[in-house]
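Worksheet: the structure to be examined is printed underneath.
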There are 2 protein chains.
Amino acid sequence: MHNAPTVEPLLTPAEVATIFRVDPKTVTRWAKAGKLTSIRTLGGHRRYKESEVRALLSGSTQQKSGE
Amino acid sequence: MHNAPTVEPLLTPAEVATIFRVDPKTVTRWAKAGKLTSIRTLGGHRRYKESEVRALLSGSTQQKSGE
DNA sequence: TAGTAGTGGGGTAATTGGGGGT
DNA sequence: CATGTCCCAATTACCCCACTAC
């Protein structure tokens, strides 16, 4: 088996959009605004760190039991 | 372990594809487009330099807030 | 030598990027 | 100011089969 280097799990724009229940275009705007760390493919498409997305899901705002 | 001189660690198309979160075929297109240095095996399969892949991941220029 | 997984090549549908407007 | 939608062009993903890698 090959020795795979350390890699960060990445998400596609559609994945992030589905998670946040928004349009993929909105995710792109977040990346442009610097709110999300975007890694570009060699073709220019963006990939997002899964770790950062999950961090934003549970670490940004406090979630209440009825919100 | 066999005698191995100083060589560049190579990655398979699947490895590179996993790192960039793309399809292995996409990595092949990058090689065809000259965006990636491809080393061919004697059978015609491609191998990619791990150093180059990581360099492309980090990006020569640090991304700033606001693209 | 045989078997399984990965890869190359070609073609087509879906996604994405970018700008503009609501 | 933030989000969703329409446009078009480029990039990417998935389908086939034949050959290579291990």
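These figures come from a predicted structure and were not determined experimentally.
Base pairing of D:dC15 is made with C:dG10, judged by Watson-Crick or G-U wobble geometry with both donor-acceptor distances under 3.5 Å. Pairing for C:dG17 goes to D:dC8, judged as Watson-Crick or G-U wobble with the two contacts each under 3.5 Å.
Checking the phosphate oxygens (OP1, OP2) of C:dG6, no side-chain nitrogen or oxygen of B:Arg47 falls inside 4.0 Å. Side-chain nitrogen and oxygen atoms of B:Trp30 include at least one within less than 4.0 Å of the OP1 or OP2 phosphate oxygen of D:dT12. Of the side-chain N and O atoms in A:Lys35, one or more sit less than 4.0 angstrom from OP1 or OP2 of D:dA2. Listed pair B:Thr26 / D:dA13 meets the phosphate criterion, a side-chain N or O lying under 4.0 Å from OP1 or OP2. Within the 4.0 Å cut-off from OP1 or OP2 of C:dG6, not a single side-chain nitrogen or oxygen of B:Thr12 is found. Between A:Arg46 and C:dT16 there is no side-chain N or O to OP1 or OP2 distance below 4.0 Å. For A:Thr41 and D:dT12, the shortest distance from a side-chain N or O to OP1 or OP2 is below 4.0 Å.
Among the nucleotides D:dA13, C:dG17, C:dG8, the one closest to the side chain of B:Val22 is D:dA13.
At least one side-chain heavy atom of B:Ile39 sits under 4.5 Å from a side-chain heavy atom of B:Lys49.
Side chain B:Lys25 to base C:dG11: no donor-acceptor pair is found below 3.5 Å. For A:Lys32 against C:dG18, a side-chain-to-base donor-acceptor contact under 3.5 Å is absent.
Among the protein residues, B:Arg29 comes within range of the nucleic acid bases, having at least one heavy atom under 4.0 Å from a base atom.
With rounding to whole Å, A:His45 atom NE2 is found 12 Å from C:dT15 atom P. At whole-Å resolution of the value, OH in A:Tyr48 and C1' in C:dG17 are 10 Å apart.
Taking the six-membered ring wherever Trp is involved, the centroid distance between the rings of A:Phe20 and A:Trp30 falls below 6.0 Å.
Across all their heavy atoms, B:Arg21 and A:Arg47 have their closest contact at O-NH1, 2.9 Å.
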